[in-house]
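Report on the following structure.
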Amino acid sequence: MKITFNEMKSGDEVGALEHSGISEILLPAFSEDGHDIFLSSKFAARPGVRRWLVENVSCSGNTLEVGITASSRVAISLLEYAANQSKHPEVYLSKFRIVEVDFGFYSNCFSVSDRSLTKNNWNTSALLPGEMHKRRPCIVVGHGGNRVQVLPMTTSNVAPQNPKKIRMSEASFSGMHRRYLESTSYALLDMVQTVSAGRVFPPQAPDGKHYPKYAQYKLCSTDKAAIVSAMASQYNSEIQLEKVALEQRLERLEEEKRRLVQANQRIRGENDSLSSEVETMKGLVLKCGQLVGSKGNFEDICNEIDAL
């Protein structure tokens, strides 16, 4: 069985594979109404292209034909970029940065005997149904060496008030391509993934290109706080319960502080009022003393009154 890769624009065959003695062959899981499927491959005839959009898959006799088009989104991975700069990948990352991760794409199994296509449910050398797939934005939650821990995002419909799916605000996609705002994105707290830095890419910039400015793309403070709180609740409920108890205690202390401040202000007001009355009484005593011929000060007049 032969597989040919044909460039749609030129019609040229850019590569081919020959299979002999194999009963099932893995092919890109292309469908007309599905999401875009990409193929990562180097062809001698097109040395400058490594990522191809799969346009169609067809069978003609003993030949499987895969129609492909060079992807317009050209980017190098974090691993490759760091190597070019003679640095470690972790130098460019910190928690809560937004990156794109290429998880790979689903494959179908082509049966040579009956020419049928079925989902790949057994070949573990490729993605299996239910596994994270395609290139998608993710949130960095950890990194070390050439490995990166991420929270994938999805734009699929999510049940409201699902504690494992955190809605992202538009502010977190500031400075990125408008396509990130075409649908609401949700962070998948229950799908934490550890991937190679070779699968990590910078997000797409407004002009459609990918610049290795990893520090530029990060969660807004509101989304960051929501992720931290949700992850604490998801992965360490005891800490979350303690956090809630401390927050409630803080609220009580703040309320007690507010009452004490109000009481202090009230006492200050009463004290000021009393001081004013005392000054008024002093003035009256002095006037009375002057009326009876006393020439002393306030204390002298008070002593004269006591002596009566």
Side-chain angles (χ1 to χ4, degrees), residues 90-101 136-144 147-176 178 180-194 200 202-203 213-282:
E90 55 190 318
V91 171
Y92 300 96
L93 293 181
S94 60
K95 292 180 70 174
F96 306 112
R97 298 298 188 213
I98 296 178
V99 297
E100 281 197 348
V101 175
R136 63 179 71 227
C138 296
I139 302 165
V140 176
V141 293
H143 53 83
R147 295 180 299 276
V148 184
Q149 284 185 313
V150 297
L151 287 178
M153 295 190 205
T154 184
T155 55
S156 300
N157 291 333
V158 172
Q161 307 304 318
N162 186 332
K164 297 179 182 179
K165 312 290 189 294
I166 306 301
R167 180 173 180 167
M168 297 289 97
S169 63
E170 291 188 1
S172 286
F173 298 99
S174 175
M176 300 185 198
R178 62 181 181 276
Y180 296 105
L181 300 177
E182 291 175 353
S183 301
T184 302
S185 293
Y186 297 85
L188 304 174
L189 263 65
D190 55 347
M191 293 290 285
V192 176
Q193 306 280 312
T194 299
V200 177
K213 299 179 180 179
Y214 290 94
Q216 179 176 323
Y217 308 110
K218 58 184 178 181
L219 289 182
C220 67
S221 58
T222 301
D223 288 349
K224 178 181 176 180
I227 291 292
V228 170
S229 177
M231 289 187 69
S233 178
Q234 174 78 10
Y235 296 106
N236 200 324
S237 57
E238 291 183 1
I239 290 179
Q240 180 66 7
L241 290 174
E242 183 178 352
K243 175 177 176 288
V244 171
L246 289 173
E247 289 175 343
Q248 292 174 344
R249 182 183 177 190
L250 179 61
E251 289 179 2
R252 291 195 296 271
L253 290 174
E254 290 289 346
E255 178 62 23
E256 182 64 21
K257 176 184 176 181
R258 187 184 63 81
R259 289 197 296 267
L260 290 173
V261 169
Q262 290 177 342
N264 182 57
Q265 292 174 341
R266 184 177 66 255
I267 292 172
R268 284 175 177 269
E270 293 174 352
N271 185 59
D272 291 342
S273 178
L274 289 173
S275 296
S276 178
E277 292 180 7
V278 168
E279 293 299 322
T280 300
M281 293 299 295
K282 283 183 178 181

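Just so we're clear, the structure is a prediction, and the values are computed from it rather than from any experiment.
Residues meeting the salt bridge (charged side-chain N to carboxylate O under 4.0 Å, His left out) test with R252, sequence neighbours left out: none. Remark: S172 engages D223 in a side chain to side chain donor-acceptor pair (under 3.5 Å) (not counting sequence neighbours). Among residues two or more places apart in sequence or in another chain, the ring pair (Phe, Tyr, Trp, His ring centres under 6.0 Å) test is passed with Y92 by Y81. Evaluation of the side chain to side chain donor-acceptor pair (under 3.5 Å) rule for E182 yields no partner, not counting sequence neighbours. Qualifying side chain to side chain donor-acceptor pair (under 3.5 Å) partners for S94, counting only residues two or more places apart in sequence or in other chains: R97. Applying the side chain to side chain donor-acceptor pair (under 3.5 Å) rule to T184 yields no partners; only residues at least two apart in sequence or on another chain are considered. Every residue meeting the side-chain contact (heavy atoms from CB on, under 4.5 Å) condition with Q193, not counting sequence neighbours, appears here in chain and number order: F103, M132, V150, P152, M191, V195. Residues that satisfy the side-chain contact (heavy atoms from CB on, under 4.5 Å) test with E247, not counting sequence neighbours, are K243. With sequence neighbours left out, S221 forms a side-chain contact (heavy atoms from CB on, under 4.5 Å) with no residue at all. Every residue two or more places apart in sequence or in another chain that forms a side-chain contact (heavy atoms from CB on, under 4.5 Å) with T222 is listed here: C220.
Counting only heavy atoms from C-beta outward, the side chains of V99 and Y214 approach each other to under 4.5 Å. I227 places a side-chain heavy atom less than 4.5 Å from the side chain of M168. Using a 4.5 Å heavy-atom cutoff, the side chains of L253 and K257 are not in contact. Taking the side chain as every heavy atom from C-beta outward, V192 and L151 approach each other to under 4.5 Å. Side-chain atoms of F173 and S185, non-hydrogen and from C-beta on, do get closer than 4.5 Å to each other.
Atom-to-atom distance recorded for L181:CG and E170:CD is 5.0 Å, nearest 0.5 angstrom. Distance check: Q216 CD to S174 OG gives 8.5 Å after rounding to the nearest 0.5 Å.
Summarising the local packing, CZ of R178 is surrounded by 12 or fewer heavy atoms from other residues, nucleotides or ligands at distances under 6.0 Å. Counting non-hydrogen atoms of other residues, nucleotides and ligands closer than 6.0 Å to CZ of R249 gives a total of 12 or fewer.
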List, one per line, each side-chain donor-acceptor pair under 3.5 Å for residues 271-281, sequence neighbours excluded.
{"unit_1": "S275", "atom_1": "OG", "unit_2": "N271", "atom_2": "O", "d": "2.9"}
{"unit_1": "T280", "atom_1": "OG1", "unit_2": "S276", "atom_2": "O", "d": "3.0"}

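The minimum heavy-atom distance linking M231 with L189 is given by the pair N-CD2, 3.7 Å.
Side-chain contact check for E100 and Y217: no donor-acceptor pair (N or O, by modelled atom type) lies under 3.5 Å.
Every pair passing salt bridge (charged side-chain N to carboxylate O under 4.0 Å, His left out) that includes a residue from residues 154-169 is listed here, sequence neighbours excluded: K165-D190.
Among V148, V200, V140, the one residue that satisfies the side-chain contact (heavy atoms from CB on, under 4.5 Å) test with V101 is V200.
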